[in-house]
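Shown next, in structure tokens, is the structure this report addresses.
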Amino acid sequence: MKRLLSAFFAIALSTATATAQSAQKSVSILGDSYSTFAGHVTPAENLIYYPSLNVHKAEQTWWSILLEECNLRLERNCSYSGSTICNTGYDEADYSDRSFIARAGDIGMPDIVLVFGGTNDSWAKVPVGENVYGEWTADDLYAFRPALCKLFDTLQREHPEAAIFNIVNTGLSQEIVSAIEEISDRYGIAMIRLHEIDKQHGHPTAEGMRRIAEQVGAAIRPAIEKRLCTD
């Protein structure tokens, strides 16, 4: 009898665990240095920035705090330090091996997509260009506006059921911010505008990470709840 009871409780616990895990919504991050941490990016060869400053543990990153507080499961963290949305990088270098548009197909199949970029495009003063909504040429994708259009188009086509959010950093050039606002509106991508983020050397401290997690969490909770109710 004891063995039967033990087996029953083991099965019940396993079922409950599986049910809880299936209820968790998955999230993928397409980001730059702000979202990196050694041993926690895909592919593992991507350049990382953290650990740095006073962020010494992965649990201090904005995305780890977010996962814990919103009961989310990380599908994939496809972040690359120093990367730009477009294929132009610092000193006009070719970043087609690391740009956001180059990595957009490497985020798995998440319920929620968090795009957190544009910072390096702003810092590197990449060409802004003009909006292009289809039939992009190779040259188009070396400028910010057409590349962002291409990025959103790709994410929406490949993840039609996912909730996609675009996190907008503080301190970006007005030219980049204006482009993000216009193109996000065109594609119906929800924007999360950050504010009052503590930084050193242009990067969030542990306190800055916590503030990012709070603001992103507040923005995405309605999407999480909606998906839980409709499953």
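FYI, side chains are in, hydrogens and waters are out, and symmetry mates aren't considered; it's all heavy atoms of this structure.
- A side chain to side chain contact (heavy atoms under 4.5 Å, CB included) with F100 holds for exactly one of T84, V115, D121; it is V115.
- A donor-acceptor contact closer than 3.5 angstrom is absent between the side chains of K57 and S64.
- As a member of the Ile/Leu/Val/Met/Phe/Trp/Tyr network built from side-chain separations under 4.5 Å, L47 groups with Y80.
- Remark: R145 does not engage E175 in a salt bridge, criterion side-chain N to carboxylate O under 4.0 Å.
- Side chains of C70 and I224 form a contact here, defined as non-hydrogen atoms less than 4.5 Å apart.
- Through direct or indirect side-chain contacts shorter than 4.5 Å among Ile, Leu, Val, Met, Phe, Trp and Tyr, I48 is connected to V41.
- For Y49, the ring-ring contact (aromatic ring centres under 6.0 Å, His included) criterion is met by H203, not counting sequence neighbours.
- Cluster membership check: I180 shares its hydrophobic cluster with I183, using side-chain heavy-atom separations under 4.5 Å among Ile, Leu, Val, Met, Phe, Trp and Tyr.
- Here the side chain of D32 pairs no donor or acceptor atom with the backbone of G82 at under 3.5 angstrom.
- Counting only N and O atoms by type, the side chains of Y142 and D94 include a donor and acceptor under 3.5 Å apart.
- Ring orientation note: the planes of Y133 and Y187 are tilted relative to one another, at an angle of 30° to 60°.
- The hydrophobic cluster containing M209 also contains L74, counting ILVMFWY residues as joined when their side-chain heavy atoms lie under 4.5 angstrom apart, directly or transitively.
- At a threshold of 4.5 Å between non-hydrogen side-chain atoms, the residues I220 and I192 count as touching.
- Using a 4.5 Å heavy-atom threshold, the side chains of Q215 and R210 count as separate.
- Looking only at atom types and distance, the side chain of T154 has no donor-acceptor partner in the side chain of E158 under 3.5 Å away.
- Remark: the N87 side chain and the S99 side chain contain an N/O donor-acceptor pair separated by less than 3.5 Å.
- F37 and W63 have their aromatic ring centers separated by at least 6.0 angstrom.
- Residue V27 forms a side chain to side chain contact (heavy atoms under 4.5 Å, CB included) with just one option from N77, L67, V216, and that option is L67.
- There is a path of hydrophobic side-chain contacts, each under 4.5 Å, that joins W62 to L72.
- Between D106 and R76 a salt bridge is recorded (basic side-chain N to carboxylate O distance below 4.0 Å).
- Side chain of S33 to backbone of S81: no donor-acceptor contact under 3.5 angstrom is found.
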